[in-house]
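On a predicted model such as this, the values are computed, not experimentally measured, just so you know. Heavy-atom basis, side chains included; hydrogens, waters and symmetry copies ignored. To find a chain, count down the sequence lines: A is the first, B the second, and so on, and within it residues start at 1.
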Amino acid sequence: MAVQNKKLNLKDKYQYLTRDMGWEPTYQKKKDIFPDEDFEGIKITDWSQWEDPFRLTMDSYWKYQAEKEKKLYAIFDAFAQNNGHQNISDARYVNALKLFLSGVSPLEHAAFQGYAKTGRQFSGTGARVACQMQAIDELRHSQTQQHAMSHYNKHFNGLHDAAHMHDRVWFLSVPKSFFDDARTAGPFEFLTAISFSFEYVLTNLLFVPFMSGAAYNGDMATVTFGFSAQSDEARHMTLGLEVIKFILEQHEDNVPIVQRWIDKWFWRGFRLLSLVSMMMDYMLPNKVMSWSEAWEVYYEQNGGALFKDLERYGIRPPKYQDVANDAKHHLSHQLWTTFYQYSQATSFHTWIPEKEEMDWMSEKYPDTFDKYYRPRYEHLAKEAAAGRRFYNNTLPQLCQVCQVPTLFTEMGAPTKLSHRQLKYEGERYHFCSEACCEIFEHEPEKYIQAWLPVHQIYQGNCEGADVETVVQKYYHINIGEDNFEYLGSPDHKRWLSIKGIKPADEDKNAA
Amino acid sequence: MSIEIKTTSVEPIRHTYSHIARRFGDKPATRYQEASYDLEAKTNFHYRPQWDSRYELNDDRRTAIRMDDWYAVSDPRQFYYGAYVGNRAKMQESAETSFGFCDKRNLLTRLPEETQKQLLRLLVPFRHVELGANMNNSKIAGDAVATTVSQMHIYAAMDRLGIGQYLSRIALLIDGSTGKALDESKGYWMDDELWQPMRKLVEDTLVVDDWFELTLVQNILLDGLMYTLVYHTMDAWLATQGAEDVSMLTEFMRDWYKDSLRWTNAMIKAVAGESEANCELLQTWIDQWEPQVYSALQPLAEASVGIDALDEARAELSTRLKKFGLQSRGVSA
């Protein structure tokens with residue numbers, strides 16, 4: 001090379017090491033190589049405008065990730081060797097892990113598959129490479145979570161068959177249908193759903209509460225995983241923001257499509273997060289912050305700033321955010337009182353909050369807890385004390401879209417059940433809210449396909465006609481071990497023996 | 001005398017997850033097992049994919065190959081994510097040393113212009129083939145059903161991106177990081193007669209729908225001929241052209257290919273061993289694709305090491321496939 005040009009800067013060098021390896025095909029039609037790129041109606045005029053959200057060549061990736069893994073597994077080994085499960089705040093905490101392993105970890109695996117797919121679907125090489133890196137990261141999370149909880153599984157119930165349960169158990173169809181919805185959509189909607197709405201807007205309300213919960217409750221294995229995954233998550237978040245900005249900048253026709261996706265996926269995500277709200281307020285013996293505080297900081301403040309920033313593209317905040325904002329005062333309580341009634345069919349235990357916890361909730365929810373929810377717990381506690389611990393034997397009506405039982409109340413009317421219905425091609429469908437109903441109306445042919453667990457039980461597709469058979473045979477929930485009330489459960493007894501407390505003392509303490 | 005640290009011993013109530021115990025019994029499981037078996041969703045999918053409504057998500061009909069249980073295909077390297085990145089981190093460390101050494105001593109900028117041109121024309125354009133391999137393996141990772149299978153392919157996808165980046169860096173060493181050499185090299189890939197059969201082949205693989213056909217074509221047939229020809233024979237030939245230092249920079253590829261033979265062989269063995277019907281299908285695909293791969297490499301062999309070297313590579317692949325009861329041409333030599 002006789003003539004030396006200028007040395008490449010970092011940005012250009014990274015482009016040479018990624019997108020420049022791509023080329024314009026001439027032997028096969030581009031449309032045949034990338035058949036999924038336009039059916040959603042998104043118009044991309046120039047992929048070269050794609051800004052790489054991070055610049056990580058494979059050699060650095062291997063190096064950094066291997067260092068992180070080495071440290072992480074050293075902690076896992078130490079945790080198991082020292083029986084770290086004995087040092088958590090209280091065994092009730094483990095129920096948060098049960099929810100995580102059966103509700104969230106399978107989503108990490110689904111994300112791996114989804115990003116591997118989009119890592120092939122886009123004709124822009126830069127975007128493909130970013131997706132592939134997220135694919136392998138998500139595989140990492142799915143696997144390290146199995147390893148982080150492996151030791152807990154050896155000492156507590158309810159963690160033993162998470163992926164099997166994820167495919168079948170009634171409340172796990174909430175996270176599963178959420179991700180199925182995203183994965184069955186086109187590549188641009190998938191990224192808007194998962195990279196933007198989920199990873200960027202809502203991750204502080206999903207991933208972080210579990211990890212902070214672990215930190216507050218002495219769970220070294222899980223919190224170490226959380227710290228180790230933090231830099232991966234940061235990369236995923238930058239991808240989420242870049243995707244949205246890129247699509248919006250490419251063509252003005254993309255704006256209304258993206259707006260509808262943001263409306264939809266904000267709401268889908270919010271409904272999914274209702275499970276996290278009850279985890280935060282009820283399942284953590286040492287509480288990090290209340291759901292309503294978390295919602296204020298991470299959605300109302302941070303999300304508010306984000307949507308202010310997106311205004312210049314013609315994007316407004318998600319359509320039903322007012323309903324979500326109002327719900328922050330009620331969400332966790334409505335969820336927990338529902339799950340309390342259906343513990344015979346869950347892989348985790350439920351319980352009535354202790355007195356100090358109820359006082360904490362009165363303080364965190366001054367306008368709602370004492371007025372609407374404390375009386376319920378007092379009633380349920382009285383029933384339980386009289387030997388009539390309440391289980392609801394009528395299966396709940398599920399929302400056709402989010403698949404949460406239709407348990408929510410109307411905005412501003414906390415004693416009025418929120419319910420919508422409509423007829424489509426002769427069949428009647430039920431919804432938990434205006435927002436879910438609207439999502440259905442936009443794509444009815446998609447949502448009529450939903451595998452609704454309660455319908456499936458009644459139709460006889462779950463290996464039995466009665467709840468007990470379904471729970472045991474179809475769900476693989478070990479009756480009397482994984483399910484029912486926490487007090488008196490094998491987990492509870494084991495914990496008392498770890499702590500050297502005889503059950504009689506405990507009764508005295510509780511009394 | 002030995003030191004004895006007293007710890008409290010706690011009896012576990014089970015030794016592993018139920019889904020692992022169903023396969024291997026309730027005994028302490030390996031990290032590979034807990035990370036790899038029965039993690040993906042298998043049933044009760046809610047919606048049909050809008051990009052391909054013929055099948056469900058995670059549908060084993062995305063290939064015509066039939067396996068009673070796709071988990072019969074597993075990784076002899078026992079790579080779960082942590083083991084994989086740990087292994088590659090070591091490999092990249094020695095590659096980094098070699099690149100650093102060549103850079104510091106200006107080993108590539110000092111090469112005669114003619115040799116530099118040969119590198120840019122005959123070696124560096126394989127970075128585009130690597131990108132094709134990256135895309136194909138990402139597709140397979142997204143389509144395959146069992147985690148033991150899909151994870152091997154996402155690792156392969158990332159490996160191929162990495163190899164493409166190492167090849168690109170050879171050009172950056174030649175031109176002192178201006179990008180000019182990569183532009184020149186890409187020109188050969190796009191327009192030089194020598195490369196057109198290969199570029200056509202790669203573009204043809206990008207429209208293959210059946211993911212197992214694709215892994216066979218990409219990871220066994222194409223790699224089988226290409227890695228032997230390029231990173232062994234052509235490497236030796238380049239050394240005779242005065243580019244022996246480049247061998248240091250392609251050592252990663254040789255190590256990598258040796259490693260990849262372990263899982264690709266295990267995969268073919270399990271799939272061909274499953275049924276007569278699988279064998280027949282594999283044979284049909286081999287008959288269809290192997291000659292195309294051979295032809296695509298022909299001009300490159302002729303311009304460098306000669307056609308005999310390609311025939312040798314072909315014979316080697318044929319011997320390898322024979323072990324699994326499969327035939328390919330290549331004994332003609």
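- Proximity to chain A involves both the backbone and the side chain of D159(B), based on heavy atoms less than 4.5 angstrom apart.
- Here the closest heavy-atom approach between residue F112(A) and residue S150(B) is recorded as CE2-OG, 3.5 Å.
- Salt bridge D77(A)/R31(B): present, at least one basic N to carboxylate O contact under 4.0 Å.
- Interface residue L172(B): only side-chain heavy atoms are found under 4.5 Å from chain A.
- Neither the backbone nor the side chain of N137(B) has a heavy atom closer than 4.5 Å to any heavy atom of chain A.
- Residue A21(B): no heavy atom, backbone or side chain, is found under 4.5 Å from chain A.
- No side-chain donor-acceptor contact under 3.5 Å links R120(A) and N134(B).
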Is there a side-chain contact (heavy atoms from CB on, under 4.5 Å) between Q65(A) and R88(B) once you walk through the steps? CA-CA 10 Å; Q65(A) 297 299 100; R88(B) 293 299 185 258; over 6 Å; no

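- Counted within 6.0 Å of NZ on K186(B), heavy atoms from surrounding residues, nucleotides or ligands total more than 12; the atom is thus considered enclosed.
- For the pairing with Y47(B), the ring pair (Phe, Tyr, Trp, His ring centres under 6.0 Å) check across F179(A), Y447(A), F178(A) returns one residue only, Y447(A).
- Separation of atoms NE2 (H164(A)) and CG (D38(B)) is listed at 11.0 Å; rounding is to 0.5 Å.
- The neighbour count for K42(B) NZ, taken as heavy atoms of other residues, nucleotides or ligands under 6.0 Å away, is above 12.
- Using a 3.5 Å distance cut-off with no hydrogens or angles, the side chains of T26(A) and R199(B) do pair a donor with an acceptor.
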Under the side-chain contact (heavy atoms from CB on, under 4.5 Å) criterion, do I136(A) and Y155(B) qualify, and how do the steps go? CA-CA 8 Å; I136(A) 192 170; Y155(B) 302 149; 3.8 Å; yes

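- With a 4.5 Å cut-off on non-hydrogen atoms, S185(B) does not touch chain A at all.
- Of the listed residues D180(A), D181(A), N461(A), the one with more heavy-atom pairs under 4.5 angstrom with chain B than any other is D180(A).
- Inspection of the T147(B) and H109(A) side chains reveals an N or O donor paired with an N or O acceptor under 3.5 Å.
- Under 3.5 Å, the side chains of S18(B) and H160(A) contain a donor-acceptor pair of N or O atoms.
- Annotation: side chain of S168(B) is in contact with side chain of M21(A) (closest heavy-atom distance under 4.5 Å).
- The closest side-chain donor-acceptor pair between W23(A) and E203(B) falls under 3.5 angstrom.
- Put simply, of A171(B), A83(B), G82(B), the one with the most heavy-atom pairs under 4.5 Å next to chain A is G82(B).
- Between R48(B) and Q449(A), the shortest heavy-atom distance links the atoms N-OE1, 2.8 Å.
- Side-chain atoms of W62(A) and Y84(B) form a donor-acceptor pair, as typed in the model, at a separation below 3.5 Å.
- Proximity to chain A is limited to the side chain of V202(B), based on heavy atoms less than 4.5 angstrom apart.
- Heavy-atom pairs under 4.5 Å with chain A were tallied for I13(B), V85(B), N44(B); the largest tally goes to N44(B).
- Neither the backbone nor the side chain of E130(B) comes within less than 4.5 Å of any heavy atom of chain A.
- Ranking F156(A), F76(A), Y64(A) against chain B, the residue ahead of the rest is F156(A), based on heavy-atom pairs under 4.5 Å.
- Contacts of K139(B) with chain A are made by both backbone and side-chain atoms, with heavy-atom separations under 4.5 Å.
- Ranked by heavy-atom pairs under 4.5 Å with chain A, the first of R22(B), M91(B), E56(B), H19(B) is R22(B).
- A66(A) approaches A89(B) most closely through the heavy-atom pair CB-CB, 3.4 Å.
- Proximity of the aromatic rings of H147(A) and Y80(B) is defined here by a centroid distance below 6.0 angstrom, and this criterion is met.
- Nearest heavy atom pair, residue A185(A) against residue Q50(B), reads CA-OE1, 3.3 Å.
- Taking both residues in full, the closest heavy atoms of A116(A) and I154(B) are given as CB-CD1, 4.2 Å, listed atom of the first, atom of the second, then distance.
- Looking only at atom types and distance, the side chain of Q165(B) has no donor-acceptor partner in the side chain of D59(A) under 3.5 Å away.
- Note that CG of L131(B) is 10.0 Å distant from CG of D20(A), once rounded to the nearest 0.5 Å.
- For R494(A), the part lying near chain B is the side chain, with the backbone staying farther off; criterion is any non-hydrogen pair under 4.5 Å.
- Top candidate by heavy-atom pairs under 4.5 Å with chain A, chosen from Q196(B), K90(B), E96(B), H153(B), is Q196(B).
- Residues V10(B) and N83(A) come closest through the heavy atom pair CG2-ND2, 3.4 Å.
- Taking OH from Y81(B) and OG from S142(A), the interatomic distance works out to 12.0 Å, rounded to the nearest 0.5 Å.
- A cation-pi arrangement, defined by a distance under 6.0 Å to the six-membered ring centre and an angle within 45 degrees of its axis, is present between K176(A) and F45(B).
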